[in-house]
Enquirer: 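Mind having a look at this structure? Questions to follow.
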Amino acid sequence: MAELFVQQLVNWITLGCIYALLAIGFSLIFGVLNVIHFSHGDVAMTSPFIALAAAQALAIAIGVSGPVWLIVAACFAVFAVGLIGVVLDKVVIRRFRDAPAMMALVATVALGIVIRELIRHLYPQGSNPHAFPRLASGVALEIAGVQVGWFTLLVVALTLVLVVLLFAFLRLTPLGLRIRAASEDRIVARMMGIRDTRVFRATFFVASAIGAIAGLLFASYAGVTRFDFGVMAGLLGFSAAVIGGLGSMPGAILGGLIIAGIEVLAQTFVPDGASYRLVFVFLLVIGVLLFRPEGLLGRPVMVKV
């Protein structure tokens, strides 16, 4: 029993960290731009394909391959996806910042479809699943007879470091303070001389780069990547952000852990739980929207009528 508990605890922490990183991107973009970027999951899941392509290019150019070059390719993919997020904001999303929410919703859903179809047609054999290696392999330690791999420690460490760096960036740097000011009141921030265009581009770069890291970890955890993984990654990340409270960084982390916990519990204790895990997840999302629409850690929004 203890062995089963520890194994499921390890699975919960690993999945929860990945979902939390996806949710942070949603919350960051919504908190600053007040736009639900539904293609964020698709943007994030381009990172495994870019990393595989970069690793193959390095192998051809240098003639060697290995874990070190995979990490180099992964870092390149994170930076590239950050730039992709900035380009998408400049070309598409910025035109819907002041438009009705439904227009931005439809536009970002369509943008996600475009991204998936581009991967499917432009990447070699893009319609097929592609194996994705573990970013860290081997057993790090053993707890109650359960082997905990280096990959789990990498996921937890990366999540902790990214969360700490993000909070420090938002609270201690001039650009972070501008981002927080724009998230509180965009009009007042403009009156104070803050260039919101720079703020929005920085927000998209940071959110997309964090999403790219989550996408790499997601593919590495699954051992495979597909062109349509962005749909599920986006739904899970958005659901985590909704449960925790859109715009709340602690809420995004809490929501990711809750969703991962539900998945692990369903697969462990419910017969054929792997087939029904998403049913329980989205039932919880519906319940939160019904009884606490601002999320567990979100702030109620007062609207003058």
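Note that the coordinates shown come from a computational prediction; the quantities given were computed from them, not determined experimentally.
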Enquirer: Could you go step by step and tell me if Val32 and Arg180 meet the side chain to side chain contact (heavy atoms under 4.5 Å, CB included) rule?
Expert: CA-CA 7 Å; Val32 177; Arg180 292 177 62 197; over 6 Å; no

Enquirer: With clusters built from Ile, Leu, Val, Met, Phe, Trp and Tyr whose side-chain heavy atoms come within less than 4.5 Å, directly or transitively, what are the remaining members of the cluster of Val161, listed by chain and number?
Expert: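 Leu165, which link up through side-chain heavy atoms under 4.5 Å apart, make up the rest of the cluster.
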
Enquirer: How long is the span from the CZ atom in Arg94 to the CG atom in Asp89, to the nearest 0.5 Å?
Expert: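 Between atom CZ of Arg94 and atom CG of Asp89 there are 8.0 Å.
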
Enquirer: Could you report the tightest heavy-atom contact between Gly295 and Val288, atom names first, then the distance?
Expert: CA-CG1, 4.2 Å

Enquirer: Please give me the minimum heavy-atom distance between Ala73 and Ala54, naming the atom from each residue.
Expert: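 For Ala73 versus Ala54, the nearest heavy atoms are CB-CB, 3.7 Å.
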
Enquirer: Mind checking what makes ring-ring contact (aromatic ring centres under 6.0 Å, His included) contact with Phe227, not counting sequence neighbours?
Expert: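 Applying ring-ring contact (aromatic ring centres under 6.0 Å, His included) to Phe227 gives none.
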
Enquirer: Do Leu290 and Ile262 belong together in a cluster built from hydrophobic side chains that touch within less than 4.5 Å?
Expert: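 No, no single cluster joins them.
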
Enquirer: Decide yes or no for Phe204 and Ile93: does some side-chain heavy atom of the first lie under 4.5 Å from some side-chain heavy atom of the second?
Expert: yes

Enquirer: Specify the closest pair of heavy atoms between Leu154 and Leu135, including all atoms of both residues, with the distance to one decimal.
Expert: CD2-CB, 3.9 Å

Enquirer: How would you list, by chain and number, every residue that makes a ring-ring contact (aromatic ring centres under 6.0 Å, His included) with Phe205, sequence neighbours excluded?
Expert: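 In terms of ring-ring contact (aromatic ring centres under 6.0 Å, His included), with neighbours along the sequence ignored, Phe205 is linked to Phe79.
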
Enquirer: Output side-chain donor-acceptor pairs under 3.5 Å for residues 171-179, partner residues at least two apart or in another chain, one line each.
Expert:
{"residue": "Thr173", "atom": "OG1", "partner": "Phe169", "partner atom": "O", "Å": "2.5"}
{"residue": "Thr173", "atom": "OG1", "partner": "Gly176", "partner atom": "N", "Å": "3.0"}

Enquirer: Without placing hydrogens or testing angles, list every side-chain donor-acceptor pair under 3.5 Å for residues 264-272, not counting sequence neighbours.
Expert:
{"residue": "Gln267", "atom": "NE2", "partner": "Glu263", "partner atom": "O", "Å": "3.4"}
{"residue": "Thr268", "atom": "OG1", "partner": "Gln8", "partner atom": "OE1", "Å": "3.1"}
{"residue": "Thr268", "atom": "OG1", "partner": "Val264", "partner atom": "O", "Å": "2.7"}
{"residue": "Asp272", "atom": "OD1", "partner": "Ser275", "partner atom": "OG", "Å": "3.0"}
{"residue": "Asp272", "atom": "OD2", "partner": "Ser275", "partner atom": "OG", "Å": "3.3"}

Enquirer: Quick one: CG on Leu83 to OG on Ser208, what's the gap to the nearest 0.5 Å?
Expert: 9.5 Å

Enquirer: Taking ILVMFWY side chains as joined if any heavy atoms are under 4.5 angstrom apart, and letting links pass through other members, which residues group with Val164?
Expert: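 Under the 4.5 Å side-chain rule, Val164 groups with nothing.
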
Enquirer: Main chain of Val155, side chain of Thr159: is a donor-acceptor contact present, judged purely on distance under 3.5 Å?
Expert: yes

Enquirer: Using the side chain to side chain donor-acceptor pair (under 3.5 Å) criterion, which residues pair with Glu117? Sequence neighbours excluded.
Expert: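 By the side chain to side chain donor-acceptor pair (under 3.5 Å) rule, Glu117 matches Arg120, His121.
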
Enquirer: According to a 4.5 Å side-chain heavy-atom criterion applied to Ile, Leu, Val, Met, Phe, Trp and Tyr, with indirect links allowed, do Phe30 and Val106 form part of one hydrophobic cluster?
Expert: yes

Enquirer: Once side chain to side chain donor-acceptor pair (under 3.5 Å) is applied, do any residues pair with Arg116, and if so which ones, sequence neighbours excluded?
Expert: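 Checked Arg116 against side chain to side chain donor-acceptor pair (under 3.5 Å); matches are Asp42.
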
Enquirer: Quick one: CG on Leu15 to OH on Tyr221, what's the gap to the nearest 0.5 Å?
Expert: 4.0 Å

Enquirer: Can you name the residues that form a ring-ring contact (aromatic ring centres under 6.0 Å, His included) with Phe132, not counting sequence neighbours?
Expert: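 Once residues adjacent in sequence are excluded, Phe132 has no partner under the ring-ring contact (aromatic ring centres under 6.0 Å, His included) criterion.
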
Enquirer: Would you be so kind as to tabulate the donor-acceptor pairs closer than 3.5 Å made by side chains of residues 136-146, with sequence neighbours excluded?
Expert:
none

Enquirer: Test of understanding: with ring-ring contact (aromatic ring centres under 6.0 Å, His included), list the residues that count as partners of Tyr19, not counting sequence neighbours.
Expert: none

Enquirer: Checking Arg226 against His130 for the side chain to side chain contact (heavy atoms under 4.5 Å, CB included) test, could you report, in this order, the C-alpha distance in whole Å, the side-chain angles of both residues, the deciding distance, and whether it holds?
Expert: CA-CA 6 Å; Arg226 285 177 51 94; His130 291 264; over 6 Å; no

Enquirer: Quick one: do Phe49 and Val114 end up in the same hydrophobic cluster if we chain Ile, Leu, Val, Met, Phe, Trp and Tyr together by side-chain heavy atoms under 4.5 Å apart?
Expert: no

Enquirer: Return the minimal non-hydrogen interatomic distance between Trp12 and Leu257, and the atom names on each side.
Expert: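 Minimum heavy-atom contact is NE1-O, 2.7 Å.
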
Enquirer: Minimum heavy-atom separation for Leu217 and Phe151, please, with both atom names.
Expert: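 Here Leu217 and Phe151 meet closest at O-CZ, 3.6 Å.
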
Enquirer: Is any side-chain heavy atom of Met45 closer than 4.5 Å to one of Asp228?
Expert: no

Enquirer: Are Val281 and Tyr276 linked, directly or through other ILVMFWY residues, by side chains that come within less than 4.5 angstrom of each other?
Expert: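 They do share one cluster, since a chain of ILVMFWY contacts under 4.5 Å joins Val281 to Tyr276.
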
Enquirer: Report all side-chain donor-acceptor pairs from residues 229-254 shorter than 3.5 Å, counting only partners two or more places apart or in another chain.
Expert:
{"residue": "Ser239", "atom": "OG", "partner": "Leu235", "partner atom": "O", "Å": "2.6"}
{"residue": "Ser248", "atom": "OG", "partner": "Gly251", "partner atom": "N", "Å": "3.0"}

Enquirer: Taking Ser47 for its side chain and Ala44 for its backbone only, find out whether a donor-acceptor pair lies under 3.5 Å.
Expert: yes

Enquirer: Using the rule that two of Ile, Leu, Val, Met, Phe, Trp, Tyr join whenever any of their side-chain heavy atoms come within less than 4.5 Å, decide whether Phe38 and Leu118 are in one cluster.
Expert: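 Phe38 and Leu118: separate clusters.
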
Enquirer: Taking atom CD1 of Ile115 and atom OG of Ser39, what is their separation to the nearest 0.5 Å?
Expert: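 The distance works out to 5.0 Å.
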
Enquirer: A side-chain contact here means heavy atoms from C-beta on lying under 4.5 Å apart; do Phe96 and Val35 qualify?
Expert: no

Enquirer: Is there side-chain contact between Pro133 and Leu70, with heavy atoms separated by less than 4.5 Å?
Expert: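 Heavy-atom side-chain distance check passes, below 4.5 Å.
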
Enquirer: Hey, what do you get for CG (Leu153) to CG (Leu158), rounding to the nearest 0.5 Å?
Expert: 11.0 Å

Enquirer: Atom CD1 of Ile213 and atom SG of Cys17: how far apart are they, to the nearest 0.5 Å?
Expert: 13.0 Å

